[in-house]
There are 2 protein chains.
Amino acid sequence: MNKTYRYPPTESQERSEVLASILCEEIIKGQLEPGEKLSEATIGSRFEISRGPVREALRRLSERGLVDFVPNVGARVARMSLTDMLDLLEVRVSLEVLAVELAALKMTQEQKVHLEKLYQNHLSMFSVKGTHSYFQSPEDLDFHYAIAKGSGNPVLVKILCEDLYPKLLVCRSQHQNIKGRGVKALKEHQTILSAISEGDAELASMFMKRHLQSARDSLKSLIEPSN
Amino acid sequence: MNKTYRYPPTESQERSEVLASILCEEIIKGQLEPGEKLSEATIGSRFEISRGPVREALRRLSERGLVDFVPNVGARVARMSLTDMLDLLEVRVSLEVLAVELAALKMTQEQKVHLEKLYQNHLSMFSVKGTHSYFQSPEDLDFHYAIAKGSGNPVLVKILCEDLYPKLLVCRSQHQNIKGRGVKALKEHQTILSAISEGDAELASMFMKRHLQSARDSLKSLIEPSN
DNA sequence: CTACAGTATATTGTTGACAATATGCAACAG
DNA sequence: CTGTTGCATATTGTCAACAATATACTGTAG
């Protein structure tokens with residue numbers, strides 16, 4: 001039988017992959033304007049690269065919903081409305097409730113320690129930088145990211161981490177007027193954390209549901225002020 | 001101001017798009033073997049098309065999880081294990097429970113009528129073709145498809161219809177030994193349907209959860225026979 | 001002045017050739 | 001006979017030119 005050997009695990013890093021993640025970051029950071037045209041030629045010359053890989057990168061971002069793509073017309077940075085954000089959060093609640101249930105049951109000790117460390121970091125960051133600076137920043141998601149991975153369900157991880165979270169970050173950067181909920185959210189993280197570490201799936205899911213639902217509700221009340 | 005006119009709404013159908021859906025169908029139908037190599041050149045010559053569009057199609061399928069892609073090596077038809085299927089179904093339960101809740105609240109009269117018709121069709125098909133032939137076929141998903149769309153949440157629709165369902169169909173075609181649950185499942189559809197038409201979100205979600213969870217459980221007991 | 005038509009320009013879609021990488025085969029050392 | 005080494009082959013990654021489509025502009029009719 002023919003053994004095929006592959007010394008470095010093929011860390012291939014093709015150009016289109018690299019480019020896609022660069023563009024993704026720029027979109028999330030808001031360095032690329034919401035409706036901005038993403039011309040293949042322009043991007044290509046900017047990165048001194050041919051149009052082929054650029055095309056692939058754009059198509060990939062399109063599949064992930066970070067870019068609006070129209071055939072024969074081209075790609076533009078996706079424009080996210082507050083309604084889009086609400087829809088996103090609605091799905092997120094369901095999935096993260098599932099994630100935290102599974103995490104409470106299946107997380108390894110290592111993972112739990114990691115989560116605890118994350119929380120401690122956030123706590124200290126918070127006390128240093130003040131109320132609002134942290135919870136509108138991408139780092140807030142680290143906590144939820146760790147829980148998603150702790151679920152041990154690859155399908156769930158993929159949807160949350162590769163699909164929903166990036167889009168959510170784009171939403172946040174496009175609507176910076178929306179403030180995080182500061183101390184309250186951090187305390188909620190604490191309750192979730194302790195429920196997980198005690199392996200109480202039911203309680204953890206309940207806390208998570210409240211945590212995310214209240215975030216969504218506050219956004220909703222902002223969009224429909226009175227009723 | 002410059003009016004730009006676009007008579008046919010740009011039904012562009014680029015080759016890569018067409019090819020992707022053809023390959024998708026062939027994978028779902030099992031005409032392409034699970035681990036089979038998908039060579040760009042081979043596919044290209046088969047459809048009398050250049051490698052460029054073929055690449056794009058394969059990348060798209062890779063993003064959707066129907067194809068395993070390794071840089072510098074190429075694409076193969078995704079090989080789905082029963083564990084993959086369990087993970088898939090676990091996420092599906094959460095999302096469809098959400099979908100049916102929303103559907104019960106927000107479906108239009110038209111949509112409800114459509115769903116009713118679907119159910120009637122399934123009923124008659126069922127009485128003609130016998131117990132098992134229907135519920136392992138793709139048509140079973142039509143019912144769930146309609147509910148997903150009835151949720152009115154585009155994010156949810158995309159994940160269910162473009163991500164989860166195709167993969168689920170691939171799983172089914174790769175494990176044809178797994179039988180549907182026949183009459184029982186059809187009756188469950190009926191209970192869900194009536195809960196929706198009465199706008200009872202709570203009841204609908206409960207029935208949906210039982211419906212899908214029992215499907216998953218029967219698969220699970222098949223994978224771990226005794227405990 | 002406005003609305004439309006036709007043309008010019010720019011951008012995307014596709015192709016075939018070339019470069020880089022991985023796979024398969026054969027010869028060789030132990 | 002086993003395992004390794006090097007070369008030949010095949011496949012993927014990238015590029016630059018060409019074709020098809022959409023956008024922008026200009027001129028003309030009303």
Side-chain angles (χ1 to χ4, degrees), chain A residues 1-23 27 32-33 35-64 66-79, chain B residues 1-23 27 32-33 35-64 66-79:
Chain A
M1 195 56 89
N2 246 330
K3 265 289 182 58
T4 53
Y5 16 87
R6 183 184 295 161
Y7 325 87
T10 301
E11 194 75 47
S12 160
Q13 292 289 44
E14 4 163 3
R15 305 215 197 197
S16 67
E17 179 67 42
V18 177
L19 179 58
S21 57
I22 293 178
L23 291 177
I27 292 175
L32 295 170
E33 294 288 319
E36 187 173 343
K37 184 74 199 294
L38 296 172
S39 154
E40 296 176 0
T42 306
I43 296 176
S45 64
R46 183 180 149 210
F47 290 95
E48 291 181 7
I49 199 180
S50 165
R51 272 181 55 216
V54 176
R55 270 180 83 79
E56 286 189 9
L58 290 177
R59 297 313 247 275
R60 206 169 301 193
L61 293 176
S62 155
E63 285 280 325
R64 293 185 198 168
L66 301 186
V67 154
D68 284 336
F69 189 85
V70 181
N72 284 312
V73 173
R76 291 179 174 279
V77 177
R79 206 189 288 273
Chain B
M1 196 54 93
N2 247 330
K3 266 287 182 60
T4 53
Y5 17 87
R6 183 184 297 159
Y7 326 89
T10 302
E11 194 71 51
S12 160
Q13 293 289 44
E14 4 164 0
R15 306 215 197 200
S16 67
E17 179 66 44
V18 177
L19 180 57
S21 55
I22 293 177
L23 291 176
I27 292 175
L32 295 170
E33 295 289 319
E36 187 172 343
K37 183 76 199 293
L38 295 172
S39 154
E40 295 175 1
T42 307
I43 296 176
S45 64
R46 183 178 150 211
F47 291 94
E48 292 181 3
I49 201 180
S50 166
R51 271 181 54 215
V54 176
R55 271 180 83 80
E56 285 189 10
L58 290 177
R59 298 313 249 274
R60 208 168 301 191
L61 293 176
S62 155
E63 285 281 326
R64 293 185 198 168
L66 301 185
V67 155
D68 285 335
F69 190 87
V70 180
N72 284 314
V73 174
R76 292 180 175 278
V77 177
R79 207 187 287 273

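Chain letters run A, B, ... following the sequence lines, proteins first, then strands; residues in each count from 1.
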Problem - Spacing of A:Asn72 atom CG relative to C:dT14 atom P, expressed in whole Å - result: 8 Å

Problem - Contacts of type side chain to side chain donor-acceptor pair (under 3.5 Å), residue A:Arg51, not counting sequence neighbours - result: A:Glu40

Problem - Residue pair B:Glu56 / A:Arg59, side-chain heavy-atom distance below 4.5 Å - result: yes

Problem - Atom-to-atom span, CD of B:Glu36 to P of D:dT11 - whole angstrom - result: 14 Å

Practice task
Under the salt bridge (Lys or Arg N to Asp or Glu O under 4.0 Å) rule, collect the residues that match up with B:Glu63, sequence neighbours excluded.
Solution key: A:Arg64

Exercise for the section: List in numerical order all residues of residues 53-64 of chain B for which some heavy atom is under 4.0 Å away from an atom belonging to DNA chain D. Expected result: B:Arg55, B:Arg59

Practice task
Quickly work out the B:Phe69 CZ to C:dT21 C1' distance and round it to whole Å.
Solution key: 13 Å

Practice task
Rounded off to whole Å, could you give me the CD-to-C1' distance for the B:Glu40 and C:dT15 pair?
Solution key: 14 Å

Problem - For atom CZ of B:Arg76 and atom P of D:dT12, their distance in whole Å - result: 10 Å

Practice task
List for me each residue that meets side chain to side chain donor-acceptor pair (under 3.5 Å) alongside A:Thr42, sequence neighbours excluded, and say none if there are none.
Solution key: A:Ser39

Practice task
Give the angle between the helix axes at the two ends of the helix from C:dC1-D:dG30 to C:dG30-D:dC1, taking five base pairs at each end and rounding to 10°.
Solution key: 20°

Exercise for the section: List for me each residue that meets salt bridge (Lys or Arg N to Asp or Glu O under 4.0 Å) alongside B:Arg60, sequence neighbours excluded, and say none if there are none. Expected result: B:Glu17

Practice task
Kindly indicate whether the side chain of A:Leu23, heavy atoms from C-beta on, has any atom under 4.5 Å from the side chain of A:Val67.
Solution key: no

Handout entry: Value in whole Å for how far the C1' atom of D:dA19 lies from CZ of B:Arg15
Key = 11 Å

Problem - B:Arg51 CZ - D:dC15 C1' separation (whole Å) - result: 12 Å

Practice task
With heavy atoms under 4.0 Å as the rule, sort B:Gly52 into base, sugar-phosphate or nothing.
Solution key: base

Problem - Side chain to side chain, B:Ile43 and B:Leu58, heavy atoms closer than 4.5 Å - result: yes

Completion exercise
Nearest heavy-atom approach of B:Lys37 to B:Val73 is NZ-O, 3.5 Å

Problem - OP1 or OP2 of C:dT12 under 4.0 Å from side-chain N/O of A:Lys37 - result: yes

Practice task
Output the single nucleotide from C:dA22, D:dC15, C:dG13 whose closest atom is nearest the side chain of A:Ser50.
Solution key: D:dC15

Practice task
Take the protein atom CD of B:Glu14 and the nucleotide atom C1' of C:dG13, then report the distance between them rounded to whole Å.
Solution key: 8 Å

Problem - Shortest non-hydrogen contact from B:Gly35 toward B:Arg79 - result: CA-NH2, 3.3 Å

